[in-house]
Amino acid sequence: MDHFEYRDGQLWCEGVNLDDLLDSVGTPAYVYSRRTFEDHYDRLAQAFAELDPLICYSIKSCGNVNICKLLANRGAGMDVVSGGELYRAQQAGVPMAKAVYAGVGKTDQEIRQAIDAKIGWFNIESEAEFENIAAIAKRMDAKANAALRVNPDVDPKTHAKTTTGKKETKFGVDIERAHRFFEAYGKDPHLKLNAIHLHIGSPVYSPQPYVEAIRKALDMIAKLRDKGYEINTLDIGGGFGADYESGQTPPFADYAKQIVPLLKPFKEQGGGVILEPGRSVAANAGVLLTRVQYIKTGGSKKFVIIDSGMHHLIRPTLYDSFHFIWPTRVAPMHQPPQGQRSEKIDLPGLETCDVVGPICESGDYLAKGRALPPVTRGQALAVFSAGAYGMVMASHYNAYPKPPEVLIEGKKATVIRRRETYEDLVEPELHPQPV
Ligand code: LLP
């Protein structure tokens, strides 16, 4: 469910006609719906309410400070993976006690920054990292909490590049090693190892891998408690799916139906539960708007060349991912029936095309072999489900300034990140300094 919909052939976001918006902001542009962000967040919170979880929004999915702020106002904590994301969370006014800090390569400087900020938990990925953070905390005469990231060896059945919970990934430690980890570090006075962190992959389109992972984690927690270790928090990570195609993802309630009963006894014994959603909140809260520059045929192929591409949305190139693409204004016969977004949309008069960008790489495409209504030069297209891992993964490749981000709230539109300029591109290079 989101708030992007066609009315009489025109795409609207909440109360804003997106073609009217483009007259002012131009293309390419990311456009977000506040109501969608909030609805997704609220539905998730509601589905898991019995566990009263701390919901740490995963900043890496869509990190604009203004978006973080509106989720923080809803009560969200944040999941950060770098000093930069930590800084974003602070700028958004997130209480740092509600933040978790994951990532395999935290630097000493980032660790000191997080200790100073009194971060809620460090999510620990290796023995070497634990020793380093504990030593830094000792030198700073500080105390911090740590969650051990455990790799439960379950297959989340997702893309190889986003699978994290199997044994042979760089993330976390396996269950056997986790027991030895607690024996070695479980009584550290400065870095209190009192939580377990899981994150099995992303996107995970069924509750089953979570059930498997959580069962293994709870069993491990029971054994560790028997050995006298206090474990008061279980962070089950992120990874819930998003509807890139209509109906692709179970609703939050379906995940919760299987996960909540498993975790209820843990909760009733005083345990805290953390969730780290990113995509499920952000993906369908954003679209990337772009304009057709040229139409070109090559052999039997038709190319729709647009003013955006892999430099603004790299997911199709990197993960072969599907993003529904459709003109923002269409003849009534081409309005997607019941708002359906799907690769195989069944309407008369569609043409098969590749939607490609201006970058000098043959990997620069947003869709291949896609059925689209006939489009012409100058027409605006919406690339749907681009709110998560869109703008945050954008680059300056081929020296394109990054697009603006616009937040829609009812009838109001606000530029929450201005369009970059050529000056922005070269500014850090203008003052060479001898080292
Ligand atoms: N927690 C941890 C420890 C993570 O590594 C991630 C995502 C999340 C939470 C949030 O997962 P989500 O709820 O968004 O699925 N760039 C890829 C996705 C990479 C995900 C990395 N970790 C994509 O565009 O599909």
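Predicted, not measured: the structure shown is a model, and the values here were computed from it. In each ligand, atom 1 is the first atom listed, and ligand 1 is the first ligand listed.
- The shortest distance between side-chain heavy atoms of L44 and Y41 does not fall below 4.5 Å.
- Close approach of ligand 1 to R279 (heavy-atom distance below 4.0 Å) involves ligand atoms 12 (P), 13 (O), 14 (O), 15 (O), 18 (C), 23 (C), 25 (O).
- By the 4.0 Å heavy-atom criterion, G239 is counted among the residues contacting ligand 1.
- The aromatic ring centroids of F240 and Y210 lie less than 6.0 Å from each other.
- The aromatic rings of Y400 and H311 sit tilted relative to each other, their planes meeting at an angle between 30° and 60°.
- Inclusion of R149 in the set of residues having an N or O under 3.5 Å from an N or O of ligand 1 is not warranted.
- Counting only heavy atoms from C-beta outward, the side chains of L198 and I214 approach each other to under 4.5 Å.
- Interface of S202 with ligand 1, defined as ligand atoms under 4.0 Å from a residue heavy atom, comprises 11 (O), 12 (P), 15 (O), 20 (C).
- Set against the non-hydrogen atoms of M393, the atoms of ligand 1 under 4.0 Å away are 16 (N).
- For ligand 1, the atoms lying closer than 4.0 Å to a non-hydrogen atom of G278 are 12 (P), 13 (O), 14 (O).
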Atom pairs and distances, side-chain donor-acceptor, residues 95-104, under 3.5 Å, sequence neighbours left out:
from, atom 1, to, atom 2, distance (Å)
K98, NZ, G75, O, 3.1
Y101, OH, E110, OE1, 3.4

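- Geometrically, ligand 1 and S61 share no nitrogen or oxygen pair separated by less than 3.5 Å.
- A salt bridge is defined here as a Lys NZ or Arg NE, NH1 or NH2 lying under 4.0 Å from an Asp or Glu carboxylate O, and E14 with R34 fails to meet this definition.
- When the options F324, F322, Y30 are evaluated for a ring pair (Phe, Tyr, Trp, His ring centres under 6.0 Å) with F384, the one that passes is F324.
- Contacts of R315 with ligand 1, taken as heavy-atom pairs under 4.0 Å, involve the side chain alone.
- When only interatomic distances are considered, the shortest N/O to N/O separation between H197 and ligand 1 does not fall below 3.5 Å.
- Side-chain contact of H3 with D39: a donor-acceptor pair under 3.5 Å is present, judged by distance alone.
- On a distance-only criterion, Y389 and ligand 1 share at least one N/O pair closer than 3.5 Å.
- Between Y185 and F181, the gap from one ring centroid to the other is short of 6.0 Å.
- Contact atoms of ligand 1 toward S58: 8 (C), 9 (C), 10 (C) (distance under 4.0 Å to a heavy atom of the residue).
- The side chain to side chain contact (heavy atoms under 4.5 Å, CB included) search around K69 returns V65, A92, not counting sequence neighbours.
- At a 4.0 Å heavy-atom cut-off, ligand 1 touches H199 through the side chain alone.
- On a distance-only criterion, E276 and ligand 1 share at least one N/O pair closer than 3.5 Å.
- For the pair P277 and ligand 1, a heavy-atom separation below 4.0 Å is found.
- Only the side chain of D79 comes within contact range of ligand 1, with a heavy atom under 4.0 Å; no backbone atom does.
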